J.: 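First the structure, then my questions, so here it is.
Since the model is a prediction, treat every value here as computed from it, not as a measurement. Order of the sequence lines sets the chain letters (A, B, ...), proteins ahead of strands, with each chain counted from 1.
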2 protein chains.
Amino acid sequence: MPRDTLTREQIVHAAVELLDAEGLEGLSMRTLGRRLNSAATAVYWHVKNKDNLVLLAADHVWGELALPDPDSADWRTTAATMATDLYGMFARHPWLVQAFTAHVLYGEGKSRHDDHTLAVYEAAGFTSGQADQAAAAVFTYVLGNAAGAAATASLTRNLTAGGTTAQEQLQGAMAQAQEIAMRYPRLRTRLETPAATDYAASPDHAFEYGLQALLDGLERQLSTPDPAPPAASI
Amino acid sequence: MPRDTLTREQIVHAAVELLDAEGLEGLSMRTLGRRLNSAATAVYWHVKNKDNLVLLAADHVWGELALPDPDSADWRTTAATMATDLYGMFARHPWLVQAFTAHVLYGEGKSRHDDHTLAVYEAAGFTSGQADQAAAAVFTYVLGNAAGAAATASLTRNLTAGGTTAQEQLQGAMAQAQEIAMRYPRLRTRLETPAATDYAASPDHAFEYGLQALLDGLERQLSTPDPAPPAASI
DNA sequence: GTTCCGACTTGCACAGTGTTCAAGTGGCTG
DNA sequence: CAGCCACTTGAACACTGTGCAAGTCGGAAC
């Protein structure tokens, strides 16, 4: 039995926990080392970079996703399920979105998921080119939703972490935002009749609404052939 | 005439330039001070925080966007134009996406644009609730696309900034990514027949494809009434 | 025309960051 | 027991955002 030594998995696991709890800027090599009961610099033997560590953590999280059988139901429900799953993953790990916008991610987990997604769209009858675009559009839509959610998530975390001063700052910012919004007629009516938009404005409902609209649109493409590429302009 | 002193606008302007050139992590108070020929800490008299500065810069950029007349053409082309404009803005300022996922943005520029967007959808015949959701869905889709583009943008910037070592690192990462992808059948075929997917895989074309699909789906909602909210479960 | 105030600037300092590197430690193999 | 090799450590460097006391200067008041 070797002396108890760090492993890459331990490190990645701890990193994910820390990222979930504290967000991307809450992860520092020193705090990570503290959580692992070792010097911060010990991590560098197992992992090249902090960037690299985040990449590893991100790809690890991708493994959480289930890969439903492409033939188990009609393609729309499987596609919707996968999209909602993806959305859930981003919701559980808000730092993922930030990581995604800062670095190009690749790796085992994401590749596995990407491949399966393409399988679903191809099984639905999309040509491989169409499947590419459809999958990209849906993924992109999910990512956008997740980005919005991540923003508010970071906000509430800052709220719970900071003391009363942070809360007061937020109050001030909200007041300022409302003051601005009141000067624009449509934003104003939305502020003044919150009850009506309450249900519809919930992020999950908005996500579902747009997702169905997007899938509707993609379904139409199923019967329409690819447009010819435009002639190259010289 | 007062002695030449910093103004908030000067600072924000310089910050935007720096952000465009160097990205979000390239902006430091010291480099900003250097560009403004003043001490770094002088900025703190005009601006509360670095976060606050980024927020100001982000909102400033929002002012670039044109607000097309809601009645000048059919709603789909105006909506598409605005979405493409938005996408262009994000493409010009990749750091914006990162800022968006890290903080909740609000402010004059964004409010102005949001209000006008709602005007377009309401003029198209959407109820105010539907307009909310439609606008949110489109914005979200654009944001997602921008996030993907921002990732590759940061990559190419790191490439041009760093020396040959950075380039070699990228080569290594690409090789590793390909090695992984080759183990998944659908990803593999896409790697092996790049010519076929070349035109379709361009980010702009993918953006357009998904956007039209989404608008198709939203258009369908125009003739369909809102679904009733589910009964509150007690 | 001197004084004085307040808008603005500066330099220093502090705590924290990622990362490098020489030096150390301990278990396994010869 | 010797030696190697996997791993760990602590000190150090250059850098970050930010608070604070001390400065500097233009214009208004007397």
J.: Does the side chain of Thr5(A) get closer than 4.0 angstrom to OP1 or OP2 of dT8(D) through an N or O atom?
T.: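 Result: yes.
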J.: What does the B/S/- profile of nucleotides 10-17 of chain C look like, 5' to 3', with a 4.0 Å heavy-atom cutoff to protein?
T.: BBBB---B
J.: What integer distance in Å separates Glu25(B):CD from dG18(C):P?
T.: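 Computing the Glu25(B):CD to dG18(C):P distance gives 12 Å.
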J.: From CG of Leu32(B) over to P of dT16(D), roughly how many Å is that when rounded to an integer?
T.: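 About 12 Å, once rounded to whole Å.
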J.: Walk me through it: do Met82(A) and His116(A) pass the test side-chain contact (heavy atoms from CB on, under 4.5 Å)?
T.: CA-CA 10 Å; Met82(A) 287 191 75; His116(A) 192 81; 3.9 Å; yes
J.: Is any side-chain nitrogen or oxygen of His46(A) closer than 4.0 Å to OP1 or OP2 of dA6(D)?
T.: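 No.
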J.: Using side-chain contact (heavy atoms from CB on, under 4.5 Å) as the criterion, list what pairs up with Val54(B), not counting sequence neighbours.
T.: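 For Val54(B) the side-chain contact (heavy atoms from CB on, under 4.5 Å) partners, ignoring immediate neighbours, are Leu24(B), Leu27(B), Ala99(B).
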J.: Just the rounded figure in Å: distance from C1' of dT9(C) to CD of Gln10(B).
T.: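 Value for this atom pair: 14 Å.
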J.: Between P on dA23(C) and CH2 on Trp45(A), what's the gap in Å once rounded to a whole number?
T.: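 Spelled out: CH2 on Trp45(A) to P on dA23(C) is 20 Å.
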J.: Would you say the side chain of Val138(B) lies within less than 4.5 Å of the side chain of Leu218(B), judging by non-hydrogen atoms?
T.: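 Heavy-atom side-chain distance check passes, below 4.5 Å.
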J.: Tell me the interatomic distance from Leu6(A), atom CG, to dT25(C), atom C1', rounded to whole angstroms.
T.: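 Leu6(A) atom CG is separated from dT25(C) atom C1' by 15 Å.
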J.: Aromatic contact between Tyr87(A) and Tyr141(A), with the criterion being ring centroids under 6.0 Å apart: yes or no?
T.: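 When the ring centroids of Tyr87(A) and Tyr141(A) are compared, they turn out to be at least 6.0 Å apart.
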J.: Taking only Lys NZ, Arg NE, NH1 and NH2, and the carboxylate oxygens of Asp or Glu, determine whether Arg190(B) and Asp132(A) approach each other closer than 4.0 Å.
T.: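 Yes.
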J.: Respond yes when some side-chain nitrogen or oxygen of Asn49(A) is under 4.0 Å from OP1 or OP2 of dG18(C), and no when none is.
T.: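 False: Asn49(A) side-chain N/O out of range (4.0 Å or more) of dG18(C) OP1/OP2.
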J.: For Tyr184(A), is the NZ or CZ atom of Lys110(B) found under 6.0 angstrom from the centre of its six-membered ring and inside 45 degrees of the ring axis?
T.: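 Verdict for Tyr184(A): no cation-pi partner in Lys110(B).
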J.: In whole angstrom, what separates Tyr44(B)'s OH from dA21(D)'s P?
T.: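 It works out to 17 Å between those atoms.
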